[in-house]
Amino acid sequence: MRKRNASRTQVPRRGIGAFAAALGGLLLLSSLYLWLIGAGRHRLPGEAPVGGAFTLTREDGSVVTDRDFRGSYLLIYFGYTSCKDVCPATLGNIAAALDRLGGAASDVRAVFITVDPERDTAPVVRRYLSAFSPLLVGLTGTAADVRHVAGAYRVTVSVRAAGGGADRYEVDHSAVIFLMGPDGAFRTAISADASPAAIAATVMRTMR
Ligand code: NI
C-alpha cells in the first residue's frame, strides 16, 4: 500500500517534468525557426530563399564559387548565348547600366550564367560576352551544376526542339535580373526588360 501511494505521488511530478521539457523543446524549436528565417535571408516565413551556393566555371576557364563574389553587389542574369530575343537586349542593358553607375560600378559585378551548358562552353561564353562589356563575368558548368544553380534561383529552364538536328534547339528560361548583396543574400529582382537607367537606379537605391 505504501509503495502504491509513493508511486501515485510521483505521477504528477513526472507529468510536470515532461511538460517543462516539452515547453523547453518548443521554445528551442521556435527560436531556431526564427533564427533560420531571419538568417540574412530577405524573405517571408515559409518562402524558400532565392540564391545559394554554387561551383561553376568562368569564361576564362577558372573554377569559382558563390563565395568568390562576396563583398560585391551582384547582378545575376540567366540566359544562353544563342538566345535571339531577351538575352542580348538584357545583357546590353546591364552593360549600359554599369557604364551609368560610373565609380559605383566598382562595387558591382554583373554575372551571366548560361542555362545551356551543352553549347555554352567557357570559350563560347567569353566570345559572346566580349561583344557587350569587358566587365561581364560569364559562368558555365556541368549540366548538373547549372541545373542546381538555376534551381537555387528558381529559374525555370526548358529545352524546345527547333528542328534540323540534335544541336538545333532553343531554351525557354525565366528572364529576370537578380540583385544580390555583398553578403550573398537576395536583395531584389529587376525585370529583364528594365532600361539601363532603371537597372542603375535600383542598384544605387539598394546600395544606399
Ligand atoms: Ni534568353
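Quick caveat: nothing in here was measured; it's all calculated off a predicted structure. Along the sequence shown, residues carry numbers from 1.
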Open item on the list: For Leu56 and Val63: C-alpha separation, side-chain torsions, deciding distance, then whether side-chain contact (heavy atoms from CB on, under 4.5 Å) applies.
Closed with: CA-CA 6 Å; Leu56 294 165; Val63 174; over 6 Å; no
Examine [X] and [Y] and state if one hydrophobic cluster contains both, with Ile, Leu, Val, Met, Phe, Trp and Tyr joined whenever side-chain heavy atoms are less than 4.5 Å apart.
X: Leu74; Y: Val50; result: yes
X: Val155; Y: Val149; result: yes
X: Leu135; Y: Ile199; result: yes
X: Val124; Y: Phe132; result: no
X: Phe186; Y: Met207; result: no

Open item on the list: My understanding is that only residues two or more places apart in sequence, or in another chain, count here; which of them pass salt bridge (Lys or Arg N to Asp or Glu O under 4.0 Å) with Arg100?
Closed with: none
For a quick test of reading the model, state the closest non-hydrogen atom pair linking [X] to [Y] and the distance between them.
X: Ser133; Y: Ala95; answer: CB-CB, 3.6 Å
X: Val86; Y: Ala192; answer: CG1-CB, 4.0 Å
X: Ser72; Y: Arg109; answer: OG-CD, 3.5 Å
X: Leu139; Y: Val125; answer: N-CG1, 4.4 Å
X: Arg187; Y: Pro182; answer: NH2-CD, 3.9 Å
X: Ala97; Y: Pro196; answer: CB-O, 3.5 Å

Would you say the side chains of [X] and [Y] form a donor-acceptor pair under 3.5 Å?
X: Asp145; Y: Thr142; answer: yes
X: Arg119; Y: Tyr169; answer: yes
X: Asp120; Y: Thr140; answer: no
X: Asp193; Y: Ser191; answer: yes

Taking the side chain as every heavy atom from C-beta outward, state whether [X] and [Y] have any atom pair closer than 4.5 Å.
X: Tyr73; Y: Met180; answer: no
X: Leu101; Y: Val203; answer: yes
X: Tyr153; Y: Pro49; answer: no
X: Tyr77; Y: Val111; answer: no
X: Phe69; Y: Val137; answer: yes
X: Tyr128; Y: Cys83; answer: no

Strictly distance-based, threshold 3.5 Å: is any side-chain N or O of [X] a donor or acceptor partner for the main-chain N or O of [Y]?
X: Glu59; Y: Arg126; value: no
X: Asp66; Y: Phe54; value: yes
X: Thr57; Y: Ser62; value: no

Open item on the list: Within a 6.0 Å radius of atom CZ on Arg67, are there more than 12 heavy atoms belonging to other residues, nucleotides or ligands?
Closed with: no
Task: The single option from Val157, Val146, Val171 passing side-chain contact (heavy atoms from CB on, under 4.5 Å) against Asp116 - done: Val171
TODO: Quick one: do Thr81 and Thr114 satisfy side-chain contact (heavy atoms from CB on, under 4.5 Å)? Show the steps, please.
DONE: CA-CA 7 Å; Thr81 68; Thr114 184; 5.6 Å; no
- [ ] Taking the six-membered ring for Trp and the single ring otherwise, decide whether the centroids of His173 and Tyr80 are under 6.0 Å apart.
- [x] yes
Open item on the list: Determine whether Leu136 and Ile94 satisfy the following criterion, side-chain contact (heavy atoms from CB on, under 4.5 Å), listing intermediate values before the conclusion.
Closed with: CA-CA 9 Å; Leu136 289 176; Ile94 290 173; 4.1 Å; yes
TODO: Would you sort out whether Leu75 and Leu179 count as a side-chain contact (heavy atoms from CB on, under 4.5 Å), showing the intermediate values?
DONE: CA-CA 5 Å; Leu75 288 166; Leu179 179 56; 3.9 Å; yes
- [ ] Over 60° means perpendicular and under 30° means parallel, so classify the ring planes of Phe78 and Phe178, tilted if in between.
- [x] perpendicular
Open item on the list: Nearest 0.5 angstrom please: Asn93 CG to Ile190 CD1, how far?
Closed with: 11.0 Å
